[in-house]
Undergrad: 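Sharing a structure here in structure tokens format.
Since this is a predicted model, take the numbers as computed values, not measurements.
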Amino acid sequence: GEAWQGARLHTVDEVYESDWDVLILEGHAGQEAWALLMQHPPAVCPWVLTEGFDGGDGPASLLREGQLGAFLHQHEWDLPLLAENARVEMLPLAQSLLRAVGVPQNLRAMAFLPEMLFMATVQPLMMSNLKKRLYPAVARRCLMTPQAVERSLRLAVESTWDHGAWQVLRRFFGEDVHPDKGKTTNREFLQQMRFWLRQAAVRLKKLPEKTAKMQKNH
């Protein structure tokens, strides 16, 4: 929306657990925190900015002056470096998630659906307008037209609903899934898949920590 809210995060753990659109890494955050974020980029925070990125007083001034949204929209097609680094981890998770839901693997959409889910997860602004943002962005990366992306996604959703197991669909989409209630929309499908992809990414981040603690205890 037009209004922006902010909060100060004091630890790296809070960054990984947050669901903010923008992360501003202040100059005194420390090299260790910066190195950790570069090595394990947060899956749900698309923009990581540092003080002075705009050559002026930094992002804090843009936030106060209401210009941060305009800055982000000017760069809406560019995924940030940290989000790009997350691709290696998130694309296999997206592929596994789509298989678990029951999306037919022989459909054309499977060539771009993992990438689409990745982009929608690390850059929430893409979801605000599928036809003007997400579909064209995916089309450019996959050498398709936005219209072809939309049609292929729709076919994938319809095929999943027509041939998938209802028990599985209810697990991922809730009790509202029923043969008499019709198929979900493209947006609803992406929103729910993005939610589950985020959950998988967060669990993946926590797994090494739990493994280390278990090994230490033993």
Undergrad: Find out if a path of hydrophobic residues (ILVMFWY) with successive side-chain heavy-atom gaps under 4.5 Å connects F118 to F195.
TA: yes

Undergrad: Only one of R108, M116, R141 forms a side chain to side chain contact (heavy atoms under 4.5 Å, CB included) with V149, so which one is it?
TA: M116

Undergrad: To the closest 0.5 Å, what do you measure between CD (E158) and CH2 (W161)?
TA: 11.0 Å

Undergrad: Heavy atoms, side chains only, cut-off 4.5 Å: are R133 and S128 in contact?
TA: yes

Undergrad: What I want to find out is whether R154 reaches E150 closely enough, with some N-O distance under 4.0 Å, to be called a salt bridge.
TA: no

Undergrad: Establish whether L169 and L107 are linked, either directly or via other cluster members, by ILVMFWY side-chain heavy-atom contacts under 4.5 Å.
TA: no

Undergrad: Quick one: does any side-chain atom of Q192 pair with a main-chain N or O of E188 as donor and acceptor, under 3.5 Å?
TA: no

Undergrad: Give a yes or no answer on whether the side chain of W196 reaches the backbone of F172 with a donor-acceptor pair at less than 3.5 Å.
TA: yes

Undergrad: Using the rule that two of Ile, Leu, Val, Met, Phe, Trp, Tyr join whenever any of their side-chain heavy atoms come within less than 4.5 Å, decide whether F189 and L155 are in one cluster.
TA: no

Undergrad: Between M127 and A120, which heavy-atom pair has the shortest distance, and what is it?
TA: SD-CB, 3.8 Å

Undergrad: For R171, is the CZ atom crowded, meaning more than 12 foreign heavy atoms sit under 6.0 Å from it?
TA: no

Undergrad: Determine whether the aromatic ring centres of F173 and W166 lie less than 6.0 Å apart.
TA: no

Undergrad: So do the side chains of V101 and M193 get within less than 4.5 Å of each other, counting heavy atoms only?
TA: yes

Undergrad: Find the distance between NZ (K183) and OG (S159) and round it off to the nearest 0.5 Å.
TA: 9.0 Å

Undergrad: Hey, what do you get for CD (Q95) to CD (Q105), rounding to the nearest 0.5 Å?
TA: 8.5 Å

Undergrad: Answer whether the closest heavy-atom distance between the side chains of Y135 and T145 falls below 4.5 Å.
TA: no

Undergrad: Hey, what do you get for CG (L130) to CG (L190), rounding to the nearest 0.5 Å?
TA: 6.0 Å

Undergrad: Between Q191 and R194, does any side-chain donor sit less than 3.5 Å from a side-chain acceptor?
TA: yes

Undergrad: Could you tell me which non-hydrogen atom of P146 sits nearest to which non-hydrogen atom of A139, and how far apart they are?
TA: N-CB, 3.7 Å

Undergrad: Would you say that V157 contacts L153 through its side chain, given a criterion of any heavy-atom pair below 4.5 Å between the two side chains?
TA: yes

Undergrad: What distance do M90 atom CE and E115 atom CD have between them, rounded to the nearest 0.5 Å?
TA: 11.0 Å

Undergrad: Supply the atom-to-atom distance L91 CG to L197 CG, rounded to the nearest 0.5 angstrom.
TA: 9.0 Å

